[in-house]
There are 2 protein chains.
Amino acid sequence: MRGPLLRDVAQQAGVATGTVSNVLHNPAKVAPETLARVQAVIAELGYVPNAAARQLSRGRSGSVGLLVLDARNPFFNDLAAGVEEAAGSMDLAVLLATSAERADRERLYLDRFEQSRVDGLLVTPVGGSVKQLKAIRDRGTPIVLLDRLATTPGFSSVAVDDIEGGRLAGQHLVDVGCRRIAFVGGPVTLEQVRNRLVGAGRAAEAAGVALSHLATTRMTADEGRRVGSEIAAMPRRERPDGVFAANDLLALAILQALTLAGIRVPDEVAVIGYDDIAFAALAGVPLSSIHQPSYQMGRRAMELLAATMQAGGDSRTASQQVVFMPELAARASTLRYGTRVRPANGVPVEPLA
Amino acid sequence: MRGPLLRDVAQQAGVATGTVSNVLHNPAKVAPETLARVQAVIAELGYVPNAAARQLSRGRSGSVGLLVLDARNPFFNDLAAGVEEAAGSMDLAVLLATSAERADRERLYLDRFEQSRVDGLLVTPVGGSVKQLKAIRDRGTPIVLLDRLATTPGFSSVAVDDIEGGRLAGQHLVDVGCRRIAFVGGPVTLEQVRNRLVGAGRAAEAAGVALSHLATTRMTADEGRRVGSEIAAMPRRERPDGVFAANDLLALAILQALTLAGIRVPDEVAVIGYDDIAFAALAGVPLSSIHQPSYQMGRRAMELLAATMQAGGDSRTASQQVVFMPELAARASTLRYGTRVRPANGVPVEPLA
DNA sequence: CGCGCGAAATGAACCGCTTCACACGGCGTG
DNA sequence: CACGCCGTGTGAAGCGGTTCATTTCGCGCG
């Protein structure tokens with residue numbers, strides 16, 4: 001039941017195996033009529049090259065591994081699309097895997113990738129596997145860290161400035177007149193959460209506005225609903241008049257809980273999220289959010305990786321850190337009547353449709 | 001710069017290559033102390049097996065290919081998660097790719113998968129590549145079609161009954177008192193859209209209710225907004241009092257457009273979507289939808305594929321069609337005050353093979 | 001004491017392709 | 001006319017594992 005081999009094609013066409021190989025990869029090096037004949041035989045026999053054999057003899061896989069935290073998160077989907085796009089134009093295949101934020105799965109997939117001899121690796125690290133990453137890199141596989149600033153020297157990375165993102169969100173709430181801001185998110189073991197909180201804190205402090213932190217155990221809709229109801233249940237004068245949620249899923253759930261409780265958004269409470277997923281703009285009250293150029297980040301990361309791969313063979317190239325700036329996408333959930341908002345850096349403010 | 005090979009490990013540990021291979025795959029066949037010694041050397045040298053070489057000599061890849069239409073669609077994310085879960089428990093790796101509904105990409109990835117000698121293939125066909133799929137199957141790779149009933153004999157498939165889903169949605173709108181229903185979606189070249197429309201048509205007809213079709217060119221938020229505004233702009237007596245959108249993205253956009261235009265949902269217009277994505281329940285007015293057991297579909301498809309793979313080697317097994325039943329998820333966007341809705345039928349029905 | 005047996009280890013043959021040193025005319029050039 | 005070169009082909013030597021028939025050895029048993 002095994003299919004025809006390259007040597008079967010060669011025999012059938014009356015040429016050497018090397019010639020068939022050339023027909024496949026260097027058509028220019030083959031005389032026109034030979035080429036035609038061989039191609040005909042290939043079609044006739046239904047020959048399908050064996051990728052494993054090719055990889056083995058070539059010594060390169062022609063693919064890169066992409067390990068993300070959560071395949072269901074739109075942010076990572078966009079990121080992956082960007083990577084794929086860039087990889088495609090370089091004739092590289094992308095192997096995608098999800099760690100689901102679990103260290104054991106991260107280890108598993110990193111192992112698999114290394115065994116597959118990927119030419120490069122793009123990783124959003126769960127954390128804790130720095131050692132393994134170093135080992136892989138030291139064995140010769142270029143690695144670019146994603147969505148996390150490389151603290152460890154020797155790694156390149158593409159990330160977005162979460163502190164600045166937090167600051168933007170906090171400043172925006174201040175700008176629309178909030179005096180008691182609540183930051184919702186957690187666990188703080190997540191670097192992103194910490195940084196966004198820090199950024200918001202700076203903006204609040206600078207404006208002399210109070211900032212509280214309502215912790216969540218995870219960033220899910222359930223947790224958002226819970227916190228939303230808690231906020232709604234607070235006595236009016238203690239209640240925050242501005243909520244900054246660490247991601248859009250939380251924000252949307254909070255928004256819903258508040259609305260259901262009869263609290264007017266943005267008049268009584270302004271709400272802003274983070275990530276600017278497609279559904280943010282689709283909410284009943286369109287949700288303000290912090291936009292990250294996820295697609296571009298993916299592209300850029302892949303380009304950076306490619307550069308490292310080129311140089312990587314022999315020279316120890318300096319690592320690069322690319323930091324993207326997040327942007328404010330202001331929508332109805334924060335834009336109170338009569339508020340005037342300074343346009344954020346470059347970004348079109350989108351008031352109601 | 002090349003890493004240590006299996007034979008280096010063997011030499012260093014003073015054993016034959018076969019023994020090292022056994023240490024890796026049949027530890028039970030190796031004497032305890034030899035095992036320990038070899039493992040120590042492996043760790044010391046940082047030996048990483050070469051997957052290509054292993055695959056070449058074993059003749060199997062230990063992986064399956066999964067080709068979906070759209071990686072950004074939550075439905076496919078869930079499906080993929082189900083596949084991955086099932087595959088994981090069978091020690092199979094999943095290679096994921098997106099055709100983006102483009103026939104050329106479908107061809108490309110099918111080729112790649114076949115060249116990688118995947119042990120099986122799960123495909124949501126774009127359409128038009130039936131021929132290629134047949135060829136691949138005839139060359140010996142088991143294939144299970146996803147989210148589409150296999151019309152071609154000889155293919156197994158896992159799908160959901162879209163006609164029934166359409167009927168459920170239509171019936172629900174009838175049940176909550178709608179007399180003029182609009183179906184929104186397109187293009188009708190998509191089988192799913194056609195079937196949902198047919199199902200809705202049956203329910204409407206049976207109840208003697210009018211059903212119109214507002215066509216869209218694509219199922220995107222933009223198109224939803226457009227149609228939503230059009231509906232809002234209609235004179236009241238012509239306006240539908242129930243809208244069934246072919247997916248949730250459309251539905252959410254319509255919902256938003258109606259709300260923004262000051263039309264009360266569900267009182268003036270009831271809205272129901274399809275897919276029951278996570279964000280449906282998070283909308284300002286929680287969106288009713290038709291739920292598909294995407295995760296289970298993924299699991300089941302993988303199991304079906306595994307069964308085919310087992311049998312596939314020699315016997316020509318009968319193909320199986322598994323059809324899941326969609327379920328109504330009734331929420332605020334259709335539940336008018338005082339309406340009584342018959343509970344939807346309980347459990348997914350799987351007709352046996 | 002000789003024999004058979006199972007546990008442990010061996011190592012050469014293969015898996016299917018790419019590569020590359022080399023062969024073989026035919027042709028323009030000095 | 002001899003030479004070198006170029007356009008075409010050739011085919012054997014790897015690439016790095018797995019497999020399996022075979023060898024080795026210690027031990028219980030008649």
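Model, not experiment: these values are computed from the prediction. Throughout, protein chains are lettered first and strands after them, A, B, ... in sequence-line order, and every chain is numbered starting at 1.
Ranked by how close their nearest DNA chain C nucleotide is to the 5' end, B:Leu35 and B:Ser57 are led by B:Leu35. Nearer the 5' end of DNA chain D, as judged by each residue's closest nucleotide, is the contact made by A:Ala16, out of A:Ala16 and A:Ala53. Each of B:Thr34 and B:Leu56 has a nearest nucleotide on DNA chain C; the 5'-most of these lies closest to B:Thr34.
The interatomic distance linking A:Asn22 (CG) with C:dC20 (P) rounds to 12 Å, in whole Å. Rounded to whole Å, atom P of C:dC20 lies 12 Å from atom CG of A:Asn26. To the nearest angstrom, P of C:dC14 lies 22 Å from CZ of B:Arg60. Here the P atom of nucleotide C:dA9 and the CZ atom of B:Arg7 are 21 Å apart, to the nearest Å. A:Asn50 places its CG atom 18 Å from the P atom of C:dC14, with the value rounded to the nearest Å. Atom-to-atom, CD of B:Gln115 to P of C:dC15 comes out at 20 Å; the value is rounded to the nearest Å. Rounded to whole Å, atom C1' of C:dC17 lies 13 Å from atom CG of A:Asp8.
Here B:Val30 lies in heavy-atom contact (under 4.0 Å) with sugar-phosphate atoms only. Contact annotation for B:Thr17: base contact, defined as any heavy-atom pair under 4.0 Å involving a base atom. Residue A:Gly18 is in base contact, counting any heavy-atom pair closer than 4.0 Å across all strands shown.
Under the side-chain contact (heavy atoms from CB on, under 4.5 Å) rule, B:Ile136 has a single partner from B:Val118, B:Asp111, B:Leu121, which is B:Leu121.
For B:Thr98 against B:Tyr109, the heavy-atom pair with the smallest separation is O-CE1, 3.5 Å.
Counting non-hydrogen atoms of other residues, nucleotides and ligands closer than 6.0 Å to CZ of A:Arg37 gives a total above 12. Around CD of A:Gln11, the count of heavy atoms belonging to other residues, nucleotides or ligands within 6.0 Å does not exceed 12.
On the nucleic acid side, DNA chain D has its first and last nucleotide under 4.0 Å of a heavy atom of chain B at D:dC15 to D:dT19, going 5' to 3'.
Side-chain N/O atoms of A:Ser21 include one lying less than 4.0 angstrom from OP1 or OP2 on C:dT18.
Closest to the A:Leu6 side chain, of the nucleotides C:dC17, C:dG16, C:dG11, is C:dC17.
The distance from the NE2 atom of B:His25 to the CZ atom of B:Arg58 is 6.5 Å, given to the nearest 0.5 Å. One distance of note links OH of B:Tyr47 with CD of B:Gln39; it measures 13.5 Å at 0.5 Å rounding.
In summary, the side chains of A:Asp147 and A:Gln192 do present a donor paired with an acceptor at a separation below 3.5 Å, with no hydrogens or angles considered.
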